[in-house]
Enquirer: 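Mind having a look at this structure? Questions to follow.
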Amino acid sequence: MTVQTMSALLSLVAIAALAAVFIHVRLQAHAARDYAPVQARAYRIRTVGFWVLLLVGLPISIYLLRVHPYAVAASPPQIVNVTANQWYWEFDPAEAATGTPVEFRVTSTDVNHNFGLYDQSGRLVAQTQAMPGYVNHLTHTFEAPGTYQVLCLEYCGLAHHGMIAEFTATQGEGQ
């Protein structure tokens, strides 16, 4: 069972338990009761809930968080400055080596654009927003050398469909 599957199942169990509590409270809402016994019972429930969360929830959280989905970069990233304009892309530089993280610093000079990076099979591998006056940082590690297409994924005007560029990933050292 994967971590994601376990997380989904535990989330469903938690949602069902919370729904059961809400249904129970709703069904018991009309009953008139003395304050002191209700308060004592609520304190007992709160104490039991605390210990259940501590003894069950903490180990489960530690187990689920042990696998971090993002790899830590072993070397400093290659920096590529990307500027979107109506209706073209500018790269500085226009290539990077495989096997090393590439930090794309993406901005725009005019309107909002969306930087979409596609591999040779046409699969979207990374994307971020390009906005005037703001720099988004997108880190991606190219696994295979080749020519990658960059498309604008946000309608930016009449020639939006022609806003296509190429970015080259070259064979990295030691690969």
Side-chain angles (χ1 to χ4, degrees), residues 1-84 96 99-119 121-144 148 150-157 160:
M1 180 182 302
T2 66
V3 172
Q4 289 83 6
T5 304
M6 184 176 288
S7 295
L9 290 174
L10 290 173
S11 295
L12 287 175
V13 168
I15 291 168
L18 189 59
V21 168
F22 276 105
I23 290 169
H24 176 72
V25 168
R26 175 63 183 107
L27 293 175
Q28 299 298 319
H30 60 75
R33 299 210 174 122
D34 291 333
Y35 180 73
V38 171
Q39 181 185 25
R41 184 168 183 238
Y43 284 159
R44 275 195 312 275
I45 291 172
R46 185 172 67 179
T47 302
V48 168
F50 170 77
W51 286 107
V52 166
L53 283 175
L54 188 67
L55 298 175
V56 176
L58 186 61
I60 288 173
S61 296
I62 291 169
Y63 173 75
L64 293 176
L65 293 175
R66 68 183 166 68
V67 179
H68 196 279
Y70 305 107
V72 176
S75 59
Q78 304 167 73
I79 304 297
V80 176
N81 294 308
V82 181
T83 304
T100 305
V102 178
E103 181 183 322
F104 292 98
R105 296 179 179 173
V106 183
T107 190
S108 170
T109 60
D110 42 40
V111 298
N112 282 355
H113 300 274
N114 194 296
F115 176 84
L117 184 65
Y118 289 83
D119 65 10
S121 67
R123 184 178 64 95
L124 180 67
V125 294
Q127 69 90 28
T128 190
Q129 194 73 20
M131 300 176 288
Y134 186 80
V135 177
N136 272 318
H137 300 262
L138 170 68
T139 303
H140 178 72
T141 303
F142 292 96
E143 301 299 327
Y148 291 76
V150 175
L151 303 174
C152 180
L153 301 179
E154 183 165 328
Y155 182 73
C156 56
H160 164 74

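When a residue number appears, it is its place in the shown sequence, counting from 1. The structure presented is a predicted model; accordingly, all values stated were derived computationally and were not measured.
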Enquirer: State whether the side chain of Q78 and the backbone N or O of E103 hold a donor-acceptor pair below 3.5 Å, judged by distance alone.
Expert: no
Enquirer: Say you draw a straight line from CD1 of I15 to CG of L10; how long is it, rounded to the nearest 0.5 Å?
Expert: 11.0 Å
Enquirer: Can you tell if the side chain of L58 reaches within under 4.5 Å of the side chain of I62, non-hydrogen atoms only?
Expert: yes
Enquirer: Here's a test for you: under side chain to side chain contact (heavy atoms under 4.5 Å, CB included), which of N136, T128, L117 qualifies with F104?
Expert: L117
Enquirer: Donor-acceptor pair, T83 side chain versus S108 backbone, under 3.5 Å?
Expert: no
Enquirer: Side-chain contact, heavy-atom cut-off 4.5 Å: L124 with L153?
Expert: yes
Enquirer: Exactly one of R41, R46, Q39 should register a side-chain hydrogen bond (donor to acceptor under 3.5 Å, both in side chains) with Y43. Which one does?
Expert: Q39
Enquirer: Would you give the length of the straight line joining atom CE of M6 to atom OG of S11, rounded to the nearest 0.5 angstrom?
Expert: 11.5 Å
Enquirer: Quick one: OG1 on T109 to CE on M131, what's the gap to the nearest 0.5 Å?
Expert: 14.0 Å
Enquirer: When the ring centroid of F115 is compared with that of H113, is the distance short of 6.0 Å?
Expert: no
Enquirer: Please give me the minimum heavy-atom distance between A84 and D110, naming the atom from each residue.
Expert: O-OD1, 4.3 Å
Enquirer: Nearest 0.5 Å, what's the CZ-CG distance between F22 and L27?
Expert: 13.5 Å
